Amino acid sequence: MGEGRVPWRLGVPAAVGAAFLILPMAGLLARAPWARMGSLLGDDGTLTALRLTLVTSGAAVVAVVVLGTPLAYVLARSSLRGTAALRGALLVSLVLPPVVVGVALLAAFGRSSVIGSWLEGSLGVTLPFTTAAVVMSHTFVALPFYVLAVEGSLRTVDPEYDIAAEVLGADRWTTFTRVTLPMALPGVLAGTALAWARSIGEFGATITFAGNYPGRTQTFPLAIYGSLQSDTDTAIGLSVLLMIASVSVLVVLRHRWLTGLVR
Amino acid sequence: MGSRRLLAGGLTLAVTALPLVAGCSGSEARATVTVLAASSLEGSFRALGEQFEEEHSGVSVTVVLGSSATLAEQVVQGAPGDVLATADERTMRSAEAEALDPHEFTSNELVLAVPADNPAGVRRLSDLDHADVNFVVCVPDAPCGALAEQALAGVQRQPRSLEIDVRAVLTKLEAGEADAGLVYRTDVVSSRGQVEGIPLEEPVTTTYWISVLEGAAEPSLAQDFVDFVESEEGQSILAQQGFTPHG
């Protein structure tokens, strides 16, 4: 038995697994209306959904990085007793089904909730079914992925460097920004890409909390869902576009200059 | 290797830049009327919207489609919108607090629909009781679902699937995923031959209701749109799709 030879008891299920993953994607590509792709991409509705998706995902990624980096730091470095509970909450939010996230956001920020009714009463602001609601949904689902990626990366940074920095006179904020964070950068970049990919594909929480309003909350996945009702070919074409965009994110992520920045 | 990555990166950037560039060109409408419409109104309200835009320059009509029950619930939850059009009275009443002036504007009829080639040979409602016939209807909360329950009073078997709105039922039939379903006459018209409609022995109808909403961002334009829907021109557009004119 040489190295690299896979026993058939493993090889056969592996082949079945691979086929199960590849066949649907190949089916999409095979049934795509390639002749119509140009007009599909130029369609007003498609462009609106695409623009909205990029804007909301961009905003969500910014929110995720701003909120998630400190969260990851607390989880990785803090010795407070509450961090175990915090990690528990993070893991729960990670496995929460997206539609449940949507219902939860409605329960917390909807008109009949404490926060929602206060917002409407004193500021005249309703959150559900607005573009802000889309950003909130995306942030919620993407945040756990980012925090876990960055926390993992922070843990690999030797605390000895922190001590060395403090001995040399740096305060804790400078130590974080000039020593710890740069060393954890691969995890931060990977987490950002992961968060962005998760955000672009977000559907269940968005349609529940933000609704399906063209131009305001109808992101690309929601537009695909809507087009399923009227024209399956359009839905397949749009799905292929989204698949290409997601694959591009992965390919760019693996690019040498992404990791080259760190060295 | 590097050039391939660069190509992929360039592709991503191009896809990113395209909508931003496309958004800059073209004039922006000065005002937008947001119409929340039952999904069975898709064809007619899109046509009405286009006609309204032609007659009112600088105005753009955005049609938001969904199940009447979902839209009414969202309105109660504070969803933005200028006009609400539902497929029955019950769903309009559920949004009573937000509907300023609800009234009927057209009606529709439920029909038994089958894919064009009628693989299961369904000709009447009682055929749905056969063991190998798969039929789909809407969820009971939706107007088409409530009507379907009424129509299926004499049928013992359960539907294969409950769809969120009538367009989903139609899509299943068009794709041949179901042998039969209960949709509106207007849906059969809009499918252009992909499904065949069989009138029910005892007609089952529903009236559609429309209202300007309390939180409307454009109340006077919203009223103009409602007036347009009820005008002769609007009613003829609805009639072309298979709706029964009102009044």
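Quick note on labels: first sequence line is chain A, next is B, and so on, each numbered from 1. Please read these numbers as outputs of a predicted model, since none were measured by experiment.
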**Asked** Closest approach of A:N212 and B:V64, non-hydrogen atoms and distance?
**Response** O-CG1, 3.7 Å

**Prompt:** Which heavy atom of B:G78 sits nearest a heavy atom of A:F129, and at what distance?
**Reply:** C-CD1, 4.4 Å

**Prompt:** Where do B:P80 and A:Y213 come nearest, in terms of heavy atoms and distance?
**Reply:** O-CE2, 3.5 Å

**Complete:** Under 4.5 Å to a heavy atom of chain A? For B:T34 that would be side chain

**Request:** Would you indicate whether A:R31, at its atom CZ, is surrounded by more than 12 heavy atoms from other residues, nucleotides or ligands within a distance under 6.0 Å?
**Result:** no

**Item:** Whether over 12 other heavy atoms sit under 6.0 Å from A:D233 CG
**Value:** yes

**Request:** Search all heavy atoms of A:R111 against all heavy atoms of B:V75 and return the closest pair with its distance.
**Result:** NH1-O, 4.0 Å

**chain A contacts, top residue of B:E42, B:Q74, B:R167, B:K172 (heavy-atom pairs, under 4.5 Å)** = B:Q74

**Asked** So which heavy atom on A:L228 is nearest to which on B:T171, and how close?
**Response** O-CG2, 3.3 Å

**Side chain, backbone, both or neither of A:Y225 within contact of chain B (heavy atoms, under 4.5 Å)** = side chain

**Complete:** One should read off an interatomic distance between B:Q77 CD and A:L127 CG, to the nearest 0.5 angstrom, of 12.5 Å

**Asked** Heavy-atom distance under 4.5 Å to chain A: side chain of B:L36, backbone, both or neither?
**Response** side chain

**All side chain to side chain donor-acceptor pair (under 3.5 Å) counterparts of A:T192, not counting sequence neighbours** = none

**Fill in**
Counting heavy-atom pairs under 4.5 Å with chain B, the top scorer among A:P214, A:P128, A:G116 is A:P214

